[in-house]
2 protein chains.
Amino acid sequence: MTAVLVVDDDPHLLRALRITLQAHGYTVTTAVDGTSALLAATQNPLSLIILDLGLPDIDGTRVLKELRGFSSAPVLVLSARHGSEDKVEALDAGADDYITKPFGLDELLARLRALLRRSVEPEHEAVVRTDAFTVDLAKHRVTRDGADVRLTPTEWKILEVLVRNPEKLITQQQLLSRVWGPAYAKETNYLRVYMAQLRRKLEPDTASPRHLLTEAGIGYRFMP
Amino acid sequence: MTAVLVVDDDPHLLRALRITLQAHGYTVTTAVDGTSALLAATQNPLSLIILDLGLPDIDGTRVLKELRGFSSAPVLVLSARHGSEDKVEALDAGADDYITKPFGLDELLARLRALLRRSVEPEHEAVVRTDAFTVDLAKHRVTRDGADVRLTPTEWKILEVLVRNPEKLITQQQLLSRVWGPAYAKETNYLRVYMAQLRRKLEPDTASPRHLLTEAGIGYRFMP
DNA sequence: AACAATCCTGACAGTTCCTTAACGCGGCCC
DNA sequence: GGGCCGCGTTAAGGAACTGTCAGGATTGTT
């Protein structure tokens, strides 16, 4: 799933871009000014950003620099300004491409493909260890005593939610909703089955688990 | 030392580019047609290639595709043609940027900086070995028992994505999106067919693969 | 125009995974 | 103590997924 953020203050252009991009299989989020763009960029993991420089609140170059402070996603700049100083400024501020309005949608899509071809998925070291097993969130891998532990997709999803919130109590409803979807909040049966399987695969002593703990009546908790 | 290859059949432009680039600290080699460009690209390790599409001997898009067969250096295309079909064709053939003549030298330099900012160290020996086969990512070659293994373009793309992320689980959607494009995220049977072919060509025992592993319901993983 | 290589497509069998139900256990309240 | 509720455990049927093969479509080349 390729996630694209489109930032433009023109609602018509924004709508056209969203429809076109979605039709080509991208997941699209939008923003109409710099403030909401920066907010959206912090909240969603993005593969690419399309940024109009002429925003109502913040100068486009400024948005770019802010963005570069925390994101390395490729940025394709749209602008009505054809001057080469503008292009140089934007490109040196961190933009990866710059096209001027009006532009052809097929050219935009082609440049977008070219940028995405280069981009590597941001993989931050995310390894969580316990004395019994190790979870590598980036590689999607669990090892125990040096050997790989095979987890089914559902087992992994549950473990991932718990491990990403160490020591924190996750309610059954939260788990069910994140793994099976919001409609399954009543199926606590599922959790019992899968927690048992996870413990059998990961806990040294299944009868008295030390890392995958039950909070009776509420939910589960992962302790490193 | 940043090495740039400039390919153009206009000696004046070629000279102007060489002087400008050298003045900005780049090491420049030049070529005036497609044949010599391909030759020069095989002989020197390059950080970036500036390619004019209007070459006397070979069609520019063709040069691009040949180039992509053995080099992953970023390519900035120069062209006198403004049509969007030309741009789309070049970008999809492997170009990373496309600017039309006449262009400003400062814009060219800015785009060049943007491309180089993204690029990883050029052509450094990227060889991944397993006990069954060897993959040379830079040279685009796979050998097994000392003999070359012939891979089709699609087979190579899949293998490349997996090998560039050793031990990491790559989801079917990621693979499909990077090999066929974001719109093909549902066509999982493509993967089944090509993974089978890759295993037949690379795995000693196709029935129990040791390096190209399946994670049922999620994706595939390469283990060195 | 014919050929070769590659890619796509659909079907089948074998495997893995999810769901469901049943039962035992322990704690809690009446 | 008996009944109730929530949790852990296990097993089996069915659904979903994967590996495999072959024929046809497509592309590029001579």
Side-chain angles (χ1 to χ4, degrees), chain A residues 140 142 148-159 162 169-173 175-176 178-181 183-221, chain B residues 58-59 61-66 68-69 89 92-93 148-159 162 169-173 175-176 179-181 183-221:
Chain A
H140 190 131
V142 181
D148 273 27
V149 180
R150 287 184 55 87
L151 295 185
T152 72
T154 306
E155 288 164 9
W156 170 262
K157 284 189 213 162
I158 293 174
L159 183 64
L162 291 173
L169 173 60
I170 309 292
T171 67
Q172 298 179 343
Q173 280 65 38
L175 267 176
L176 287 165
R178 291 187 62 172
V179 175
W180 280 271
Y184 291 73
K186 296 272 177 62
E187 303 285 345
T188 58
N189 219 356
Y190 292 3
L191 287 181
R192 291 205 292 281
V193 172
Y194 279 97
M195 288 306 298
Q197 293 202 8
L198 275 175
R199 283 178 181 143
R200 186 168 49 199
K201 291 183 178 181
L202 300 177
E203 289 279 5
D205 181 7
T206 311
S208 59
R210 286 185 305 171
H211 305 108
L212 300 172
L213 310 181
T214 302
E215 301 276 341
I218 312 177
Y220 295 89
R221 186 197 303 270
Chain B
I58 315 179
D59 171 56
T61 309
R62 181 55 184 269
V63 176
L64 248 175
K65 286 180 180 168
E66 295 272 340
R68 279 285 169 261
E89 187 185 358
D92 280 339
D148 273 27
V149 179
R150 278 186 58 85
L151 294 186
T152 71
T154 306
E155 288 164 7
W156 170 260
K157 283 188 211 163
I158 293 174
L159 183 64
L162 290 172
L169 173 59
I170 310 293
T171 67
Q172 299 178 343
Q173 282 65 37
L175 269 175
L176 287 165
V179 175
W180 280 271
Y184 291 76
K186 294 272 174 66
E187 303 287 345
T188 58
N189 51 339
Y190 291 8
L191 286 180
R192 293 207 292 281
V193 172
Y194 280 96
M195 288 305 298
Q197 294 201 4
L198 276 174
R199 291 209 255 245
R200 193 179 316 149
K201 291 183 179 181
L202 299 177
E203 288 278 4
D205 181 6
T206 311
S208 59
R210 286 185 306 171
H211 304 107
L212 301 171
L213 309 182
T214 302
E215 300 272 341
I218 314 178
Y220 295 89
R221 187 198 303 272

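Chain identifiers are assigned alphabetically (A, B, ...) following the order of the sequence lines, protein sequences preceding nucleic acid strands; residue numbering begins at 1 within each chain.
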**Prompt:** Using a cut-off of 4.0 Å on non-hydrogen atoms, how would the nucleic acid contact of B:Q172 be classed: base, sugar-phosphate, or nothing?
**Reply:** sugar-phosphate
**Item:** Phosphate-side-chain proximity, A:R200 and D:dT10, N/O vs OP1/OP2 below 4.0 Å
**Value:** yes
**Message:** Just by distance, no angles: are the side chains of A:R192 and A:N189 close enough, under 3.5 Å, to form a donor-acceptor pair?
**Reply:** yes
**Asked** Does B:Y190 have a side-chain nitrogen or oxygen under 4.0 Å from the phosphate oxygens OP1 or OP2 of C:dC7?
**Response** no
**Asked** Between A:G219 and A:L169, what is the shortest heavy-atom contact and its length?
**Response** C-CD1, 4.0 Å
**Fill in**
Value for CD (B:E215) from OG1 (A:T152), rounded to nearest 0.5 Å, stands at 10.5 Å
Got a list of protein N/O to nucleotides 23-30 of chain C N/O distances below 3.5 Å?
none

**Request:** Could you check B:G217 against B:Q197 and say which one's nearest nucleotide on DNA chain C is further toward the 5' end?
**Result:** B:Q197
**Message:** Quick check for you: among D:dT20, C:dC18, D:dC7, whose closest atom lies nearest to any side-chain atom of A:P153?
**Reply:** C:dC18
**Item:** Estimated bend of the helix from C:dA1-D:dT30 to C:dC30-D:dG1 (axis per five terminal pairs, rounded to 10 degrees)
**Value:** 30°
**Fill in**
d(B:H211 NE2, B:L202 CG) to nearest 0.5 Å is 10.0 Å
**Message:** So, taking the atom named CZ in B:R150 and the one named CD in B:E155, what distance separates them when rounded to the nearest 0.5 Å?
**Reply:** 10.0 Å
**Prompt:** How long is the line joining CG of B:L212 and P of D:dT20, in whole Å?
**Reply:** 12 Å
**Asked** Are side-chain heavy atoms of B:I218 and A:H140 found at a separation under 4.5 Å?
**Response** yes
**Asked** Under 4.0 Å between a Lys/Arg side-chain N and an Asp/Glu carboxylate O for A:E203 and A:R210?
**Response** no
**Request:** Rounded off to whole Å, could you give me the CH2-to-P distance for the A:W156 and C:dC17 pair?
**Result:** 15 Å
**Message:** Of the options C:dT9, C:dT19, D:dT18, whose atoms approach the side-chain atoms of B:Y220 most closely?
**Reply:** D:dT18
**Message:** Just the rounded figure in Å: distance from C1' of D:dT20 to CZ of B:R199.
**Reply:** 11 Å
**Item:** Options C:dT9, C:dT19, C:dC7, nucleotide nearest the side-chain atoms of A:W180
**Value:** C:dT19
**Request:** At under 4.0 Å between heavy atoms, which parts of nucleotides 23-29 of chain D does protein reach? Answer with one letter per nucleotide, 5' to 3': B base, S sugar-phosphate only, - none.
**Result:** ------S
**Message:** Does either side chain, that of B:T214 or that of B:R199, offer a donor lying less than 3.5 Å from an acceptor on the other one?
**Reply:** yes
**Asked** Can you tell which of C:dC17, D:dG8, D:dC21 lies closest to the side chain of B:V193?
**Response** D:dC21
**Request:** Calculate the interatomic distance between A:L176 atom CG and D:dC7 atom P; express it in whole Å.
**Result:** 11 Å
**Request:** Using a 4.0 Å heavy-atom cut-off across all strands, classify B:T154 as base, sugar-phosphate, or nothing.
**Result:** sugar-phosphate
**Request:** Report the distance from atom CG of B:L191 to atom C1' of C:dC7, rounded to the nearest whole Å.
**Result:** 14 Å
**Request:** Would you kindly give the CZ-to-P distance between A:R150 and C:dC18, to the nearest whole Å?
**Result:** 12 Å
**Side chain to side chain, A:L151 and A:L198, heavy atoms closer than 4.5 Å** = yes
**Fill in**
Against the side chain of B:Y194, the closest entry in C:dT16, C:dC8, D:dT10 is C:dC8
**Message:** Less than 6.0 angstrom separating the ring centers of A:W180 and A:Y194, yes or no?
**Reply:** yes
**Prompt:** Could you give the distance from CE (A:M195) to CG (A:L213), rounded to the nearest 0.5 Å?
**Reply:** 8.5 Å
**Request:** With rounding to the nearest 0.5 Å, note down the distance linking CZ in A:R178 to CG in A:L162.
**Result:** 9.5 Å
**Prompt:** Mapping A:A196 and B:N189 to their closest nucleotides on DNA chain D, which lands nearer the 5' end?
**Reply:** A:A196
**Asked** Over how many whole Å does the gap from B:L213 atom CG to D:dC17 atom P extend?
**Response** 20 Å
**A:L176 CG to A:T188 OG1 distance, which is reported to the nearest 0.5 Å** = 7.0 Å
**Item:** Proximity to the side chain of A:T152 - top-ranked nucleotide from C:dG10, D:dT18, C:dC18
**Value:** C:dC18
**Message:** Would you say B:T214 places a side-chain N or O within less than 4.0 Å of OP1 or OP2 belonging to D:dG19?
**Reply:** yes
**Message:** If I take atom CD in residue B:E187 and atom C1' in nucleotide D:dC17, what distance separates them, rounded to the nearest angstrom?
**Reply:** 16 Å
